[in-house]
Protein chains: 2
Amino acid sequence: MSLSHTDLPGSPKPNERDCQATRKILDRVADKWSLYVITTLQGGSRRFNELKREIDGISQRMLTLTLRGLERDGLVTRTVFPTIPPRVDYELTELGRTLLEPVMALVAWADKNTQAIAEAQRRFDEEPKPEQATIQGVVYQRL
Amino acid sequence: MSLSHTDLPGSPKPNERDCQATRKILDRVADKWSLYVITTLQGGSRRFNELKREIDGISQRMLTLTLRGLERDGLVTRTVFPTIPPRVDYELTELGRTLLEPVMALVAWADKNTQAIAEAQRRFDEEPKPEQATIQGVVYQRL
DNA sequence: CAGGATCCTTTCAGATACTG
DNA sequence: CAGTATCTGAAAGGATCCTG
C-alpha cells in the first residue's frame with residue numbers, strides 16, 4: 001500500500017484498497033489530538049472552549065482541525081446554537097462511542113504501565129553508549 | 001488533561017505528573033509507525049529489512065527511529081548476531097505483548113468500520129459549503 | 001464564543017551518501 | 001545487512017489578528 005510511488009506492473013497487491021483504508025483510519029485515530037478529544041468527549045458533549053481548557057496544550061487551531069476531521073469521519077457531531085454569544089456543542093456519535101472502548105483500553109494500558117516504561121527508559125539511557133565502553137567494571141571513553 | 005480521572009473544580013493541576021506520563025506513552029503508542037511496527041512484530045521476531053519490507057511506505061530512517069523509541073520504552077528487544085553479514089532481530093518484549101491486545105482491538109475497529117467512515121466522509125464532503133447555499137432545492141453560489 | 005485567515009518558526013521525514 | 005550522518009523540502013503547529 002505504497003502511498004505515492006509508481007507501482008511496478010506485476011507487483012502483487014493483495015487487497016491494497018482495504019489496507020489503505022484501514023491505514024487512513026488508524027492514522028486519524030492514532031493521532032495525538034484526536035485521541036485526547038475522543039477521550040474528553042467520553043464524559044458527554046462539550047463546548048469548544050471547554051474542550052480547549054480540558055485538553056492541556058492544544059491550540060485553538062489544532063482543536064478546530066481535529067474536530068473537523070473527526071466530524072468528517074462521522075465520529076463527532078457539531079451542533080450550533082444560533083445564540084449570542086454563539087454556542088457550539090461537540091458530541092460523540094454512535095460510531096464514535098463504539099470507538100471509545102478500544103481507545104479507553106489503550107489509555108488504561110498506558111496508565112497501568114507508566115512505571116514500567118519509565119524504568120525501561122532509565123535503564124536504556126544508562127546503557128553504555130558507543131562513546132563509552134564498560135570493561136570489567138571500568139568505564140572507558142572512546143577517542 | 002484529565003484522561004483517566006475527573007478534575008475537581010478548583011484544583012488547577014491535580015497530579016500533572018501522572019497525566020503527563022500517560023500522555024507521553026500515548027504519544028508514542030499513538031504514533032503511526034509505532035503502531036505498524038508493533039502489529040507487524042505480532043507474528044514473531046523480524047529482521048530489520050523484513051520489517052522494512054512488510055511495513056509499506058516506511059523509510060529506513062523512520063524505521064530505525066521508531067525501533068529505537070520502542071526499544072527505549074522496553075516494548076521491543078534488539079538482538080545483534082555478530083555475523084557477516086550482520087543480523088539484527090527485533091521482537092516484542094513481554095510488556096510489548098501486553099500492548100498487543102489493546103492495539104489489535106483498535107486495528108479491528110478500524111477494519112470493521114472502514115465502510116461507515118468512508119460513507120460519513122462522502123456525506124460530509126457533499127454538504128453545502130459556505131460558498132454555496134441550498135434554498136428550497138435550488139443551489140446558490142455566494143458572491 | 002467560536003472560529004477563519006495569516007504569518008512564521010520548528011519539526012518531520014525522505015533522499016542520498018557513507019560505514020563496519 | 002543494518003545501520004549512521006547530513007542535507008533539504010514539506011508539513012505541522014503556535015501566535016496573532018480579525019469577524020459574525
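Naming convention: chains lettered A, B, ... in sequence-line order (proteins, then strands); numbering from 1 in each chain. Note that the structure is predicted; figures quoted are calculated from it, not measured.
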Return the value, rounded to whole Å, for the distance between atom [atom1] of [X] and atom [atom2] of [N].
X     : N      : atom1 : atom2 : answer
A/L65 : C/dG4  : CG    : C1'   : 11 Å
B/E71 : D/dA2  : CD    : P     : 15 Å
B/R68 : D/dT4  : CZ    : C1'   : 10 Å
B/D27 : D/dA12 : CG    : P     : 16 Å
A/R47 : C/dC1  : CZ    : P     : 7 Å
A/L63 : D/dG14 : CG    : P     : 11 Å

Requested in this report: Taking the side chain as every heavy atom from C-beta outward, state whether A/Q60 and A/L63 have any pair of such atoms under 4.5 Å apart.
Outcome: no

Next on the checklist: Side chains of A/L41 and A/L70, heavy atoms from C-beta outward: is any pair under 4.5 Å?
Outcome noted: no

Exercise. State plainly whether the residues B/E119 and B/R122 are in salt-bridge range, i.e. N to O under 4.0 Å.
Key: no

Under 3.5 Å, is there a donor-acceptor pair between the B/T79 and B/D89 side chains? no

With sequence neighbours left out, the residues meeting ring pair (Phe, Tyr, Trp, His ring centres under 6.0 Å) with A/W109 are none

Residues in residues 73-93 of chain A with a heavy atom under 4.0 Å of DNA chain C, by number, are A/R78, A/P85, A/P86, A/V88, A/Y90

Can you give me the N/O atom pairs linking the protein to nucleotides 13-16 of chain C at distances under 3.5 Å, or say none if there are none?
unit_1, atom_1, unit_2, atom_2, d
C/dA13, N7, B/R61, NH1, 2.9
C/dA13, N7, B/R61, NH2, 2.9
C/dG14, OP2, B/S59, OG, 2.8
C/dG14, O6, B/R61, NE, 3.4

Within 45° of the ring axis of B/Y36 and under 6.0 Å from its six-membered ring centre, is that where the NZ or CZ of A/R23 lies?
yes

Regarding the side chain of B/F48, the nearest nucleotide among C/dG4, D/dA2, D/dT4 is D/dA2

> Passes salt bridge (charged side-chain N to carboxylate O under 4.0 Å, His left out), A/E50 versus A/R53? Steps please.
Replying inline: CA-CA 5 Å; A/E50 286 177 343; A/R53 246 175 282 116; 5.7 Å; no

Exactly one of B/N113, B/I117, B/L106, B/V107 clears side chain to side chain contact (heavy atoms under 4.5 Å, CB included) with A/V29, and that residue is B/L106

